[in-house]
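Notes follow the structure.
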Amino acid sequence: MSTPFYVSPQQAMADRAEYARKGIARGRSLVVLQYADGIVFVGENPSRALHKFSEIYDRIGFAAAGKYNEYENLRIGGVRYADLRGYTYDRDDVTARGLANVYAQTLGTIFSSAAEKPYEVELVVAEVGAEPEGDQIYRLPHDGSIVDEHGSVAVGGNAEQISTFLDQRHRDGMTLAEALKLAVQALSRDPNGSEREIPAERLEVAVLDRTRPQQRKFKRIVGRQLARLLEADGGSAPTDAPSDTEEGEGGESAAATDAPKSTDSGGDVE
Amino acid sequence: MDFLSDHLPGMLPGNRNLPPLQGAVEAPHGTTIVAATFDGGVVLAGDRRATMGNVIAQRDIEKVFPADEYSAVGIAGTAGLAVEMVKLFQLELEHFEKVEGAQLSLEGKANRLSTMIRSNLAMAMQGLAVVPLFAGFDIDREKGRIFSYDVTGGRSEEHGYAATGSGSVFARSSMKKLYRQDLTEQEALTLVVQALYDAADDDSATGGPDVARRIYPIVTVITDEGFRKLDEAESSEIARSVLERRLEQPDGPRAALL
């Protein structure tokens, strides 16, 4: 039997990290921004069915860049964790911090286990608070670390350049249209500095909107509403204009429906 | 639910070891639930009384719950178990929706509830039965549908109207005489409140509208716009107008003799 080559642990970890980073860099980037009424997720995604963003729980959203099968696995795990928590205790006891911890543990274990290949994913877990101060955004790189982010965050291939761009321009209290515009600008920048146009059909946009009357705050923005928001020029864009969105993943929360659908706080009532 | 039964079987209804039976168990019971379809949707309503033996355990219990955006469950039977069953049912529908990215079909939801009732059979044999009524708007067929159950989980679709609970006999007779195919939403709402009034009239375990305490039936409507629970003002208005007429005609509206 031949003696295996000695590889130093540093080298082994560096190789694994390199492998994961390369995998993530192949995918398109996505950004998560805070705006006045919540948190918006924007990414380039040619597919209508395979989502990069999804709802985990009432106030918690999930975004992922990297390999689809791997983050889909993590997403379902997250939904399970959240639903089980909420059922065992109370809906309020499901928090983004708890979920981020679970993800960090999972990713960390997989990253350092020699038997498995590291996951080529980078996640964002965001929770919208009742007030902007209560918003939480966590970024989870492939190695299981957690980064507590504020304002804006970008993950995926070109993340560093995009975050720098966003950090300089993002400010608190932007309207949805402003934040969306900024996000699209950031995503349209190529690594070599040139810009390209991303048509609205290739954008995947979702929000965690704290003003939604329902308990489930996650909502996808599609079709005409997206087009309207993209056209609106910055400041004057009403975020609560009557809309034609698709309901979250199809609806109002079970427990939330005690509140009759009202048109006053707008958003998703035709 | 499958995930739960693998990991935390104790969390599921029907998976508990019961002590040997010593006399009947006394726990609060839920009572009359009625539903009726109309063109474009379905209404589901329930009274507010929970009884424990001959004692009124609670005057303002709520027995109609949204299951998801397009369906609702009304519960009759042992209140504690029924509420837990509904909670688990809501969770399952929401979980499915989030994981799959699409809602279950109405038929699928009805079947799921059926399985859950069946898993409670051991408890039901000890007198702790749960018999819900399930109503929803079928998006594919674009109409309201009602499903009723028995304690063994047997499921049957009801056409027009249905009732469950101890006062269901009276409520059903009442609706039998008043129901018409071409009801409007408002008429259907009045119909279910009438039926609940008749049930409360003859069944001691069903509560009528309590004007003094402002406790009125829970009335919900499900249409293509989703689930909506009438607020207190709306349901009190219907209940009061029914009550008003009953002051003149205590037995309610008369159906034609022939």
Side-chain angles (χ1 to χ4, degrees), chain A residues 47-58 60-62 68 72-91 94 99 204 206 213-220 222 246-263 268-270, chain B residues 1-8 10-13 44 62 64-73 83-106 109 136-137 139 218-235:
Chain A
S47 167
R48 298 250 129 233
L50 308 176
H51 297 301
K52 285 170 182 285
F53 312 129
S54 88
E55 173 188 19
I56 296 282
Y57 212 61
D58 294 351
I60 306 176
F62 170 97
Y68 180 78
E72 178 68 4
N73 206 358
L74 290 169
R75 181 183 77 85
I76 292 175
V79 171
R80 260 187 194 162
Y81 162 86
D83 278 346
L84 189 57
R85 265 293 146 109
Y87 179 65
T88 315
Y89 306 110
D90 186 75
R91 295 189 83 89
V94 183
L99 182 70
E204 181 180 351
Q214 290 93 336
Q215 200 161 7
R216 285 162 73 178
K217 309 293 182 196
F218 186 88
K219 179 175 78 174
R220 292 189 192 285
V222 290
E246 268 172 18
E247 280 286 318
E249 305 264 52
E252 193 165 345
S253 149
T257 21
D258 276 1
K261 289 189 117 184
S262 61
T263 38
D268 45 11
V269 184
E270 278 276 55
Chain B
M1 185 164 173
D2 301 329
F3 178 70
L4 263 190
S5 60
D6 286 347
H7 291 259
L8 285 171
M11 288 290 294
L12 285 178
L44 183 67
E62 296 199 7
V64 180
F65 303 94
D68 66 356
E69 170 90 52
Y70 290 106
S71 62
V73 193
V83 170
E84 190 193 24
M85 188 181 284
V86 170
K87 223 180 122 191
L88 184 63
F89 185 55
Q90 291 172 333
L91 169 82
E92 271 208 59
L93 299 189
E94 188 189 323
H95 186 76
F96 183 94
E97 187 187 313
K98 284 192 288 199
V99 170
E100 302 289 328
Q103 289 205 357
L104 270 172
S105 64
L106 192 68
K109 293 174 200 171
F137 185 80
I139 303 169
I218 299 288
V219 186
T220 64
V221 196
I222 310 160
T223 59
D224 57 355
E225 284 174 10
F227 173 91
R228 188 172 77 92
K229 180 177 150 187
L230 267 62
D231 59 26
E232 200 192 286
E234 289 175 287
S235 64

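Since the model is a prediction, treat every value here as computed from it, not as a measurement. All chains are named by letter (A, B, ...) in the order of the sequence lines, taking the proteins before the strands, and each is independently numbered beginning at 1.
- Annotation for A:E72 and B:V99: closest pair OE2-O, 4.4 Å, computed over non-hydrogen atoms.
- Using a 4.0 Å cut-off between charged side-chain N and carboxylate O, B:E69 and A:R216 make no salt bridge.
- Distance OH/A:Y87 to NE2/B:H95: 13.5 Å, rounded to 0.5 Å.
- B:E94 places a side-chain heavy atom less than 4.5 Å from the side chain of A:Y57.
- Annotation for A:R75 and B:K98: closest pair NH1-O, 2.9 Å, computed over non-hydrogen atoms.
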